[in-house]
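Positions are given from 1 along the sequence. Computed over heavy atoms, backbone and side chain alike; hydrogens, waters and symmetry mates excluded.
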Amino acid sequence: MKKITSRNFRILCDFMDVYQFMIDIYEKDWRNGVPAPFLEYALSSDWMDKSLVHRWKIWEDNGVIVGLVFYEHPVHDVYFSLRPGYEELADEMVAYADLSMPRVDGYQKFVIFGGQTSIKEAATKAGFRQSSDYMEKVFNFEQPLDYSLPDGFHFVESEKLSIERISECCWKGFDHEVEDGPWDGDAEYCYYELMAPHAHLEDSVVIESDEGEYVCYAGMWWTPENHLAYMEPLCTVPKYRKKGLAATALSEHYRRLKPLGATHMTGGGDPFYEKIGFLPLVHWTFWEKN
């Protein structure tokens, strides 16, 4: 017999149980909610506002997590994870999100994935309507991914990786140099991220120019329980773009992880992914209240 209770999230003691919950309910198309590394990467980042995570809500059945309402970035974007067989909780979860999850200047948005039918129905009853959507691409490891390094570049061996140089590569690769000026040498955010329970620097792929500059970085949150190669983040230093480096980095992830049992790798919404063989699979829909 179900015995449903609910309580607010406690960041110091609940994360690992939430991680396991997301492992347990994972499907390739995210029909039950995001994969576990999605949340771990956010919580270990410096770009996510963690000051309001006490607003997150957990639902349990006899002490087993069956539902979660949370935000990622920005705080007004609300996500739902729900264990199959507990669809009757959707109305309560949506009502809680509408009433108690953060807003910014009165604005709030629900992020609901394609297969989350019960959440969509509950959101519709609560007065929300879909405002936009996009398809995230995923690579199926049944197909080959085999882009080669161009001349003048090489992979950095995992035991020789420099966190400081990765930080500088990401600063440039995400265009912060243009927007905020040169990298200031601060790599603490990168060290902080690598303290996450399932972050392993050796799973990352770094491409270096023969002149000694880190030019492309592809992070990896390998999730063997779900046969999932969760790739995040991916960036290339601007002056080295359009050389095939990102495709080569993802090919290296494929070569490393397929023998370990990976069956698929996440990408993103950018057309780049489809060009190299990723296929649309995860349907993101965004909902706002009338």
Side-chain angles (χ1 to χ4, degrees), residues 6 8-11 14-15 18-19 21-22 25-27 29-59 65 67-83 89-138 174 189 193 196 219 221 230-234 266-270 280-290:
S6 63
N8 287 89
F9 177 80
R10 302 162 299 176
I11 193 170
D14 285 329
F15 169 71
V18 166
Y19 184 91
F21 160 63
M22 290 181 167
I25 67 170
Y26 175 74
E27 295 288 349
D29 61 0
W30 302 14
R31 71 187 68 172
N32 302 321
V34 302
F38 177 95
L39 188 58
E40 182 171 26
Y41 174 54
L43 283 173
S44 63
S45 74
D46 66 336
W47 44 259
M48 177 183 169
D49 180 351
K50 294 174 270 290
S51 66
L52 295 170
V53 297
H54 56 277
R55 297 275 193 97
W56 299 3
K57 191 92 166 185
I58 290 172
W59 280 258
I65 298 175
L68 175 70
V69 172
F70 66 101
Y71 67 78
E72 191 225 27
H73 177 78
V75 298
H76 57 58
D77 283 11
V78 182
Y79 293 75
F80 303 84
S81 293
L82 182 59
R83 190 182 295 272
L89 295 177
D91 286 342
E92 183 179 342
M93 293 170 70
V94 165
Y96 175 80
D98 187 17
L99 178 66
S100 300
M101 288 297 284
R103 284 175 164 78
V104 175
D105 296 328
Y107 178 73
Q108 185 184 63
K109 180 170 63 180
F110 287 176
V111 183
I112 308 176
F113 297 100
Q116 293 189 292
T117 304
S118 62
I119 301 295
K120 289 183 178 181
E121 292 173 351
T124 299
K125 286 189 289 184
F128 287 79
R129 296 294 181 269
Q130 182 178 327
S131 57
S132 61
D133 70 334
Y134 81 91
M135 294 296 297
E136 178 168 341
K137 284 76 173 178
V138 174
F174 286 107
Y189 79 91
E193 181 179 300
W221 303 74
Y230 188 86
M231 189 280 300
E232 192 72 58
L234 174 65
T266 57
D270 192 283
L281 180 62
V282 180
H283 188 199
W284 293 64
T285 68
F286 304 97
W287 296 62
E288 301 174 39
K289 200 164 191 178
N290 296 340

*Can you name the residues that form a side chain to side chain contact (heavy atoms under 4.5 Å, CB included) with Ser131, not counting sequence neighbours?*
Phe286, Glu288
_According to salt bridge (Lys or Arg N to Asp or Glu O under 4.0 Å), who are the partners of Lys120, at least two apart in sequence or on a separate chain?_
none
*With Glu193 via side chain to side chain donor-acceptor pair (under 3.5 Å) - residues at least two apart*: none
*asked:* Once you measure the plane-to-plane angle for Trp284 and Tyr79, does it fall in the parallel (<30°), tilted (30-60°) or perpendicular (>60°) bin?
replied: perpendicular
*To the nearest 0.5 Å, what is the distance between CZ (Phe15) and CZ (Phe9)?*
7.5 Å
*With Asp98, which residues qualify under salt bridge (Lys or Arg N to Asp or Glu O under 4.0 Å), at least two apart?*
Arg103, Lys289
_From CD (Gln108) to CZ (Phe128), nearest 0.5 Å_ = 5.0 Å
*asked:* Test side chain to side chain contact (heavy atoms under 4.5 Å, CB included) on Val53 and Phe70; report intermediate values, then the result.
replied: CA-CA 7 Å; Val53 297; Phe70 66 101; over 6 Å; no
What side-chain donor-acceptor pairs closer than 3.5 Å can you find for residues 32-46, not counting sequence neighbours?
| unit_1 | atom_1 | unit_2 | atom_2 | d |
| --- | --- | --- | --- | --- |
| Asn32 | ND2 | Ile25 | O | 2.7 |
| Glu40 | OE1 | His198 | ND1 | 3.0 |
| Glu40 | OE2 | His198 | N | 2.9 |
| Glu40 | OE2 | His198 | ND1 | 3.1 |
| Ser44 | OG | Glu40 | O | 3.0 |
| Ser44 | OG | Tyr41 | O | 3.1 |
| Ser45 | OG | Ala42 | O | 2.7 |
| Ser45 | OG | Trp47 | N | 3.4 |
| Ser45 | OG | Met48 | N | 3.3 |

_Non-neighbouring partners of Trp287 that pass side chain to side chain donor-acceptor pair (under 3.5 Å), sequence neighbours left out_ = Thr285
*Interatomic distance, Lys109 atom NZ to Ser132 atom OG [nearest 0.5 angstrom]*: 6.0 Å
*Quick one: list whatever passes side chain to side chain donor-acceptor pair (under 3.5 Å) with Arg83, sequence neighbours left out.*
none
*What closest approach, in Å, do Met231 and Leu234 show between heavy atoms, and which atom pair accounts for it?*
SD-CB, 3.6 Å
*Kindly compute the distance separating CE (Met93) from CD1 (Ile58), expressed to the nearest 0.5 Å.*
10.5 Å
_Give me the atom names and distance for the closest heavy-atom approach of Ser100 to Arg55._
O-NH1, 2.9 Å
_Counterpart residues, side chain to side chain contact (heavy atoms under 4.5 Å, CB included), relative to Thr117 (two or more places apart)_ = Glu121
*Glu136-Trp30 side chain donor-acceptor pair, cut-off 3.5 Å*: no
_Taking side-chain contact (heavy atoms from CB on, under 4.5 Å) as the criterion, tell me which of Ile65, Leu68, Val69 meets it with Trp59._
Val69
*Hey, what do you get for CG (Asn8) to OH (Tyr96), rounding to the nearest 0.5 Å?*
4.5 Å
*Flag the pair Asp133 / His283 as yes when at least one side-chain heavy-atom distance between them is below 4.5 Å, and no otherwise.*
yes
*With sequence neighbours excluded, residues passing side chain to side chain contact (heavy atoms under 4.5 Å, CB included) with Leu281*: Lys28, Asp29, Val138
*Partners meeting salt bridge (Lys or Arg N to Asp or Glu O under 4.0 Å) with Lys57 (sequence neighbours left out)*: none
*asked:* Once rounded to the nearest 0.5 Å, what's the spacing between atom CG of Leu82 and atom CD1 of Ile119?
replied: 5.0 Å
_Restricting to non-hydrogen atoms, name the atom on Phe80 and the atom on Val111 that form the minimum distance, rounded to 0.1 Å._
CD1-O, 4.2 Å
*asked:* Do Tyr71 and Asp77 make a side-chain contact, defined as non-hydrogen atoms from C-beta onward lying under 4.5 Å apart?
replied: no
_Holding to ring-ring contact (aromatic ring centres under 6.0 Å, His included), I want the full list of residues that pass it with Tyr189, two or more places apart in sequence or in another chain._
none
*Stepwise, does the side chain to side chain contact (heavy atoms under 4.5 Å, CB included) test hold for Gln130 with Ile112?*
CA-CA 9 Å; Gln130 182 178 327; Ile112 308 176; over 6 Å; no
_Run the side chain to side chain contact (heavy atoms under 4.5 Å, CB included) test on Ile11 and Trp56 for me, step by step, so that the C-alpha distance in whole Å, both residues' side-chain angles and the decisive distance to 0.1 Å come before the verdict._
CA-CA 10 Å; Ile11 193 170; Trp56 299 3; over 6 Å; no
*Give the minimum heavy-atom separation between Met22 and Ser81, together with the two atoms involved.*
CE-OG, 3.7 Å
*Which residues pass the side chain to side chain contact (heavy atoms under 4.5 Å, CB included) test with His76, sequence neighbours left out?*
Pro74, Val104, Tyr107
